[in-house]
Amino acid sequence: MGNRHDSAAARHAQQETATAPRGFREVLLSPGDCSGCGACMELAPDIVGWREGDERPFLVSDMAPDGVLTELMAFCPEGCFEDGDAS
């Protein structure tokens, strides 16, 4: 029984320390200062969504290709996007 517990704990530790797939980075969104321009949704509709009636975007996916995340961070006028892997 101890072995089962140890194995489960090891699997859980591996999942927590898993990194993004190669060429992808974690996306962090802080829409507090969002101006609602919608550029992020147009730039990366697979990553960023916008519900009709909402004033702010939401993440469709918390992982993005390196280049897409770089563009989101560069083009967002309010700086709402960050690289979660940069810490």
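What you see is a predicted model, and the numbers here were worked out from it, not measured in a lab. All heavy atoms count here, side chains included; hydrogens, waters and symmetry mates do not.
Although no hydrogens or angles enter the test, the distance criterion places a donor-acceptor pair under 3.5 Å between the side chain of Arg56 and the main chain of Pro31.
Placement of Val27 and Met73 within a single hydrophobic cluster is found when ILVMFWY residues are connected by side-chain heavy-atom separations under 4.5 Å, directly or transitively. Both Leu72 and Phe75 are part of a single hydrophobic cluster, where members link through side-chain heavy atoms under 4.5 Å apart.
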Under 3.5 Å, sequence neighbours excluded: what are the donor-acceptor pairs made by side chains of residues 39-47?
none

Mind listing the side-chain donor-acceptor pairs of residues 60-69 below 3.5 Å, one per line with the distance, residues two or more places apart or on another chain?
{"from": "Ser61", "atom 1": "OG", "to": "Met63", "atom 2": "N", "distance (Å)": "3.2"}
{"from": "Ser61", "atom 1": "OG", "to": "Met63", "atom 2": "O", "distance (Å)": "3.0"}

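Here the shortest heavy-atom pairing between Phe58 and Trp50 reads CE2-N, 3.4 Å. Shown here for Arg25 and Asp85, the closest heavy-atom pair between the two residues is CA-OD2, 3.1 Å.
Within a 6.0 Å sphere centred on CG of Asp54, heavy atoms belonging to other residues, nucleotides or ligands number more than 12.
Put simply, the side chain of Ser30 reaches to within 4.5 Å of the side chain of Glu82, judged on heavy atoms.
Listed by chain and number, the residues in a side-chain contact (heavy atoms from CB on, under 4.5 Å) with Cys76 are Glu78, Cys80, Phe81 (sequence neighbours excluded).
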